[in-house]
Structure formats: C-alpha cells, structure tokens
Amino acid sequence: MSNKIRIWTILLPIFLVAGCGDSPWNNPYPASDADSNTVYSSFDERPKHLDPARSYSANEYAFLAQIYEPPLQYHFLLRSYRLVPLSAAEVPVARYFDAAGQSLPEDAPAADIARSDYLIRIRPGMRFQPHPAFARDTEGRFRYHALTAADLDGINRLADFPEVGTRELTAEDFVHQIKRLAAPWLHSPIAGVMGQHIVGFQELAGQLESAAGQGPLEQAATLRRSSLAGVEAVDRDRFRISLKGKYPQFAYWLAMPFFAPMPWEAEVFYAQPGLAERNITLDWYPVGSGPFFLSENNPNLRMVLERNPHFHGEAYPTEGMPGDAESGILADAGKPLPFIDRAIYSIEKEEIPRWNKFLQGYYDSSGIASDAFDQAVQIDVEGEPILTDAMREQGISLLTSVEPSSFYLGFNMLDPVIGGDSPRARLLRRAISIALDYEEFISIFTNGRGVVAQGPIPPGIFGYREGEAGINPFVYEWRDGRPVRRSLDEAKVLMEQAGYPNGIERETGRTLTINYEAVATGPDDRARLNWIRKQFAKLGIDLVIRSTDYNRFQDKLRNGTGQVFMFGWNADYPDPENFLFLLYGPNGKVEHQGENAANYANPEFDRLFDEMKFMDDGPERQAILDRLVEIARTDAPWIWGFHPKAFSLHHQWMANAYPNQMANNTLKYRRIDPELRKQKRQDWNQPVLWPLWVGAGLLVALVLPAWWLVRRRERRTAL
Amino acid sequence: MTAYLLRRLLYAVPILIGVNLITFVLFFVVNSPDDMARMHLGEKRVTEEAVQTWKQSHGYDKPLIFNPEATGIARLTDTIFFEKSVRLFAFQFGSSDDGRDIGYDISQRMWPSLAIAIPVLLVGLAFNISYALFIVLFRATYVDIGSVVLLVAMLSISSLFYIIGGQFILGKLFHLAPISGYDTGLHAWKFLILPVIVGVIGGIGAGTRWYRTLFLEEIAKDYVRTARAKGLSEGRVLFRHVLGNALIPILTGVVVVLPLLFMGSLITESFFGIPGLGSYTIDAIGNQDFAIVRSMVFLGAVLYILGLILTDLSYTLVDPRVKLQ
C-alpha cells in the first residue's frame, strides 16, 4: 500500500464525518432541512390505492385526505362529531319527495319518501393543484393530452413533465367522480352500497359493463359521455344527488374521499398509452384541490406532501369544547391553514427503529408499540395512563381517545349448539359472556388500551349511554359507582339452567366442546388463544382452537361453519346505524353476504333498526336505540368485547395535535416549531466518539503483539 | 465449452418450468383467486359481484392449470398458469395486481439491494479471509482456540440480534449513524454504514470458520512444507501460496452468490428501511400479490442457475486443469 493510499484511508472517513457539518451524525434527513417547516412522519405499509374511487383504508386516507376535498369534513374540535363544509359552501339539507314527485316536509315518514335530493353548492374559487393534465400551449390546447412515444422519452415520474397548469373546480368535477364510482373497471368498494341508494347508479354500472373490455382512453371517453340519472350538475357551482327513499347517513359519505371532485382532464391524461407502463397512473399520482399535493410518491422510500400553491384557504376553527381554550388548542383560532409547508413520510416497517427515531426527534409524533409501552406510559393510582419520567423529561405529550371501533367475540347464530334463539342457547351465551373477563384481556393484551364494551355502540357515537344506564345488566351490576362484572357463580348457574352443569351436557354426560375459529400467526397469538381457552374452561367448556390463515377464516365466516370467532368493526361514520347494521338480519353473512358475521336475526330488532336508521338524532331515536341495544344484549349474539383506545405521543415542538378519530385531514391543523426541533435534535444526538477510539486502541493492542510475535518467531533460529 | 454452456442453458428450461409450477401450486394452495380479490378490494362491503369483476379484469377467472371446458391444446393454454407464466420466460413480468409495472419496480429496487450486498460481500470477504489467515498463523494456540469459540458463538446468534443490537449501540446509544432509512444517489452513504457493519459482523462467524478450515487444509499440504523448507517467511507462505491455492473453494462460494445479491436480504431491508428487492418480495407475499411473487421466484431461480454456471466457468479461470466439456 503506498503512502498516499494510507493517508487517504485515514483522511476519507474524517472528511466524510466533517461533511456532516453541524447536523447530528445519525440525522436521516439532509442537514439543509434542519429548520424547514416540515412535519416528519412514517408509514409502515405502502398505500395500495390513491384513487379516491378505490381507496378505502386508513393508511391510504392518511395521504388522500390531505389532497382531495370531498364536500364535507368533520369539525376538528367539536364532539360529538359534527359535519362542516369543506369543498361545499354549506352542509346540504335533504329535500324529500313522494312517488308522485311532490315535495314532502322534513319530518315526513320514511315510508312516504320516494326520493331524497341533496343540492350541493360548491365553495367558489377553488382550484386544482398544479398538474400536467391542465397544462395548455399558447393556443390553448392541452399540452399533454396527445402524447406520443417520443414525448415520453425521459419521462419516468409525473414531475418529469416540465409544464403544469390548473383550473377552477366546477360542479361537473363532482359529478364525474360519482360516475367513476359506478365504473366496473375501477372496482370501487362502495359501488354496491351506492347502487342501493343513488338513483340510476346501478343502471349506469350496467351500461358501463360494455366498456369494461375497452382501452383506458375509450373507457375515459365513455365515462365522460355517460350520464347518471340521479346526479346532475345544475349549474357551474351546484350539483344535485338524488337518492332512493330516505338515507340520512348519506351526508357522512359526503365527507369521504369517494365524493371528492375529479377533473376529467386527469382521467384522459393518465389513460394515454405509455404512462401506465411507467407507473404514472391516477391510482399513483392524485389530482386534488386540498391544502397539500403529493410531490414525491416513492412508497418504497418516502412520500412527500407539499403545500398546494392553489389552495383556496381555510381558517383554523374558532370553536371548541369546554376546556379547549385553556388547553391552548384554540391558540391559532382563525389563522389561515395550513401551517406547515411540507410533510415527509418515510417508510418504516419495524416498530423498533420507528420508536427509536421518534425518541431521537426524527419523527414528530408516534404511536406506542406494545414493546415500548412500559417505557412510555405508566398507570397512576387512579388507573389513568400517564407518561413516564423519561418521556416527560423529553417534553413529550400523550393524547388518548377511544376509537369508534368494536372488537367483539361473535357467536355464529346459525350453529345448532351455540346459536339460535332458544332459551338454552341464549343462557349459554350469557354465561360465556360473564366468564370471558375482558377487563383482564385489555390489561394483558392491549396494555390497558381499551374500554370494555357494554353493547354494540362505542362511546362518542349517538346512542351510547354513560354510567349505570349504559351497563349490560346480563354481565355487569352497578356497585359503588362503577360497573362490576357478575360473578363466575352466576355464570355457572346460567350454565346449569342451560343444561350444562359444570360444562357437562346433561343429556349425554359429555363435556361441552366449542370450536373457536382463530387467525393465528405468531407467538403473541398463542398466548391470547391460551387465555381464551382458560376463560371457557372456567365454566367447564372445552374450547377447541381451530387456527387458520385469514383467508380460510373468512371462508368459514362466509360459509357459517364456525362456532365462535373474534372480529372487529371500524366505523365508516359516527352514526349508530353503522354499528347496529352489523346485527341486522338482512345483512347476514351467510345468507346475504353482508357484514353481520354472527348471522344474528331478530324480527323485532330488524323492524326497529329499519325505523331507527331513517331518524334524526333526538330523544325518539335514543329510545329506539335503547330498545335495540336491550334486544341485542338479551339475545347476546356477541360478547361485546372492547373499544380500543388510541394512544399517541407528540414532541414539544408539535402544536395542535388533537385526537379526532373520524377526520383524516388533520395535517393542515398541525403547527411545528422548527427552531426548537433543531435545537433538541442537536442536544439529544451528540455523537459519542470514545467507543471509536477504544475500538481502535483495542485493535492496535491485538495486532501489535501479534505482529511482534510473528516477527520474533520468524527471526528465531531453529535450534 | 460452448456446447457445455448451451447444454446447461437447455437444462435450465425444465428447471424453471418446474420452479414456476411449484410456486404456482404452493401459492394457490394457500390463496385462491377469490382470496386475492378480497385482499385487493379491502375487507369492508365487498360483494360477490365485485370479486368476480376483479378476477375477470385481472385474468384470474379461468381454471388454474387445466381447463376442461376448452378443447385441444387450449385445455392447457387457456388457464391461469399458462397465461401468467409463459411471458416470464421472455422476462416480461407484467403488472402487479395493483397495476404497477413489475419490471420497472425490479429495475429500481435492485440498486438499494446491491448497495448493501456488495459492500457486505467485499468487506466481509476481506475481513474474514484476513482473520482466518491470522488464526491459521497462530494455529493451535490460545488465539486459535479463543477465536474458534468466539466464531462459533457468533454464528450461533440470530442475524436479527445483530441488527437490533447494531441499531441500539451505534444508532441509539452512540448516535454514530442513522438507525434506519435510505436515500438515493450519493446521499445513500450514511444509511449504508450501519447495515454494512451489521452485515459484515453477522457474517464473521460462519465466514471465518469456513475460510479457516480451508486454509488449515491447505497448510498441511506438501507444497507448504516445501515453501517453508526453501526459507519463505510465514507471511509469504500464507498470503501467496496458501491463499492462492485456497481460492478455488472461496471463489466457488463467492461466485455462486454473486447473482443472488440482486435479490436482497429480507430481514435487513425490512429493519433498515432499505427499499430493495427483499422487502419487495416480503410485501408481495403479505399482500398476496401473485404477480410479484412468481416474478421474484422466477428471477431468483434464473439468477441461481446463472450463479452455478458462472461457478463452473470460474473453475476454468482459477484452475487450468479444469476443462468444461
């Protein structure tokens, strides 16, 4: 090795290290971004779809909701959840008509209503994000609507198109998007639901079937030409949606990206030959009007949202819940949104690096993995979660909220032993409901992150009752101001009444055996399954665990071959209908392929449900909800399980973090202090160099004696 | 040699067909086209009609391997297996089930995999050979015994331990490198430090033990004794003669893995957030994306066969006595 090489070998790492400048060595971001107004976050799974007609999962909405603007949104701060305008100028009010087309009053009986009309006026002056689909040449022709193979040379990403344009939103853009929901080639997950409600939707879907085999350009043209009877643009700023009968929950759908405006130009642009081969598709590069646009979409690495220069502007809410003003969450009231310029989401598949990078300040917010729970949170004497000292010293704050979700243990009501409406089966289900200690489950398997469910409706949703009035009397009793699970002895009495004393079937003398259908993949599942087996064993029931993969599990639910299973539901919208429909007979999984996985059917429940779903919130609806919940508790088709509680941690430089389980478009409210973040990152991440010197010293200490030994051995004489 | 190569390439065809068939059968034993459709359509509100439409538009509405309703050769060709597999032989990977071009994704994702795998291979090779020679130099001493104990311990430890330990010590405790992440171009270097160090350390146990065995076998041979008798220094004996003659098995081991470097490492890429082909494959399995899975398995098989052919060729380069016929 020449001297020069030796010198460079030593100097190169020093230069590389010096190249880091003031930035900490472990900083995963460019040093130049240290004081940028950027939110740093992560994602663990690449979004499958970014087309608002197709996307229907939380990890996709994390991006889509910042880009697309449906007519409505949820108020950021007010509870219960309230719809407010987003791209609509105001929240539309339904107008009702009878079969003869005569207008009906607002309180007309649902049975009389043949059609509901929603006239939506859009907010004026909104413009789409910069996009090549809108670019025009000097003569006003679209710059990129007739691309040739030569034009696509060197084009690999959307950003490779040098020219972009924009245009103002019109009512036609909303109509176009609703028509897209009916296109069979787009596989919109809500096509089935909308087909039941929007006038002419199924007919349009049928007409478009013939275009399913055409090329993308023809499909785009067909879709643009087609008309949807129940959706029309009244003028440039207004469009009308006509629904069959009454469907008050429709307003909630208007707050989902499915109903965000889509420019026809984008569809035509992406349909051109050669773009899909370059992965430049509408499913990959959204075209929205929201506060941010997707400037980099490399979900193998990172996704970057940047401030949309054409954003119409919106103000931070001025109204909140009692105590919000004192907490400081209203400090930015009335200020223009968004506060940040950019959000960078890096892929982070594993919990451990994600958590450590949050602690180092490289992510602004974080959830809490089970492994890190004890490090972050402890339970105080009152049973409330509080931060550990280490977290408090770092200035981290904790936010918790109950999710509008239910995780339940379902009984297959078609099963001859555990199902049906016989008193015997009902007593058996109630006994098991008492024995299965969900308080313990939450404590062991979710680190206490959940509240025991007393019925199908979660807290925060209309119809949920607090306190003594809200307990499930078949499982709990109210004692000393709190619900207390009924004793195991009571459960055993129920077992005896059901004909299974100590778990032995009276007629046959055999131990009652129940099959539990489970999706089990790892060691954590084994612990959970053992726990469930023990709960059933308390009553002498022999629980047979039938573990399988998720596909087979779904098959069993569809075929109704299982007996007991654990399942969950995450709300589409904050209305009790969206939970109680899981118990509605005509939604039975086996017979109707619906979401009623327990196949529960009770004529009275179904009748009341039909009545309740058309009602507006109020005492009358509450009374029916109470009755529905009572029927469900009596029949016990589920063990009601628990409602998970979301825990999130935020660094001190992150402002306006506020739990809102329904709104996905909350990035625009976030504000950060980049200077404070830069300072804290510097303080927390100073490189520790002594181990390098110790390591080098050890190496020398090992090599030098060896070298000396070798030399001595070689110079030694043979004798 | 040309005839030999042609013969080997022809042998590859039935092997690849077999690999394809096995992948196909194994995949569809676990997943049916209905499962795939439901996975892609989401869990909520999926109707049977939507499932059928998805299958039709993605070409999964045909029989899997044999079509009894067709006639003649179409009984075999008008099937999912034939239609999805034949184009692979022309390296046309097609689109993934969510519509992305697989060939493009592979071309993008192989570079991060290589950026990790090549330094790990080269640095690991250099370190392991040096360490093995060092041990051989002090064979039958406490250095040898201590090293063997250390190496056995090291190769007994799971690679996951090295990854988590490396992230904890170098990234979290000493703040010397980013814990995870990646960037394109020259900005990637600081993200490579930790995975490369971890990869090299993780490979020391098995690698050095293997090379030590090779060198010890060589050092017992007559030509080494002759070299020493002629008065050559121990260093010259080891580095020039022993190392040179041990190159054949070393080369065999290295050349056979060279093509597979493209395929990346499943665990390393996942933990370090490296967007390589390893994580691409894992994601595809998780998402039941058969189009990607079959492409990656096919590519892996092709590269493995290529590696074996290259190994045979490398014999002729390092040992003139070997002739391929």
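In the text below, chain A, chain B and the rest are named by the order of the sequence lines, each starting its count at 1.
- Aromatic ring pairs are classed by plane angle as parallel below 30°, tilted from 30° to 60° and perpendicular above 60°; the pair B/F174 and A/W690 is perpendicular.
- Within residues 234-241 of chain B, the residues that have a heavy atom under 4.5 Å from a heavy atom of chain A are B/E234, B/G235, listed by number.
- If you measure heavy-atom distances from B/F271 to chain A, the contacts under 4.5 Å come from both the backbone and the side chain.
- Of the atoms belonging to B/I164, it is side-chain heavy atoms, and not backbone ones, that fall under 4.5 Å from chain A.
- Under the 6.0 Å cut-off for aromatic ring centres, A/Y29 and A/Y40 qualify, their centroids lying closer than that.
- Distance check: A/E350 CD to B/S270 OG gives 4.0 Å after rounding to the nearest 0.5 Å.
- In this structure, the ring of A/Y56 has its center less than 6.0 angstrom from the ring center of A/F258.
- Of the listed residues (B/I274, B/D183, B/I193), the greatest number of heavy-atom pairs within a distance under 4.5 Å of chain A belongs to B/D183.
- For A/Y550, the part lying near chain B is the side chain, with the backbone staying farther off; criterion is any non-hydrogen pair under 4.5 Å.
- Options A/E351, A/R558, A/R46, A/E348 differ in how many heavy-atom pairs under 4.5 Å they form with chain B, and the most are formed by A/R558.
- For A/V590, the side-chain contact (heavy atoms from CB on, under 4.5 Å) partners are A/L414, A/N599, not counting sequence neighbours.
- For a residue to count as touching a neighbouring chain, one of its non-hydrogen atoms must lie under 4.5 Å from one of that chain's; by this rule B/S57 touches chain A with the side chain only.
- For B/F138, the parts lying near chain A are the backbone and the side chain together; criterion is any non-hydrogen pair under 4.5 Å.
- Atom-to-atom distance recorded for B/I179:CD1 and A/W355:CH2 is 12.0 Å, nearest 0.5 angstrom.
- Partners of A/N279 by side-chain contact (heavy atoms from CB on, under 4.5 Å), not counting sequence neighbours, listed by chain and number: B/R100, B/D101, B/Y104, B/D105.
- Note that CZ of A/R54 and CG of A/L186 are 6.5 Å apart. Values are rounded to the nearest 0.5 Å.
- If you tally non-hydrogen atom pairs under 4.5 Å between each of A/K349, A/E277, A/Q554 and chain B, the highest count goes to A/K349.
- Under a cutoff of 6.0 Å and an axis angle of 45°, A/R354 and A/Y345 do not form a cation-pi pair.
- In this structure, A/E60 does not pair ionically with A/K48, as no charged nitrogen and carboxylate oxygen lie closer than 4.0 Å.
- Heavy-atom pairs under 4.5 Å with chain A peak, among B/S96, B/G181, B/S233, B/A50, at B/S233.
- For the set A/T281, A/D549, A/V710, A/I347, the entry with the most heavy-atom pairs within less than 4.5 Å of chain B is A/V710.
- Among A/D572, A/V193, A/N27, A/D555, the residue making the largest number of heavy-atom pairs under 4.5 Å with chain B is A/D572.
- Between B/W54 and B/Y60, the two ring planes are parallel [angle under 30°; tilted spans 30° to 60°].
- No part of B/D34 comes within reach of chain A, as not one of its non-hydrogen atoms sits under 4.5 angstrom from that chain.
- For A/N156, the parts sitting under 4.5 Å from any heavy atom of chain B are the backbone and the side chain alike.
- Residues A/W569 and A/F581 bring their aromatic ring centres within 6.0 Å.
- Residue A/W684 touches chain B through its backbone alone, counting heavy-atom pairs closer than 4.5 Å.
- Every residue two or more places apart in sequence or in another chain that forms a side-chain contact (heavy atoms from CB on, under 4.5 Å) with A/P273 is listed here: A/L217.
- Looking at A/P691, only its side chain comes within 4.5 Å of chain B, counting heavy atoms on both sides.
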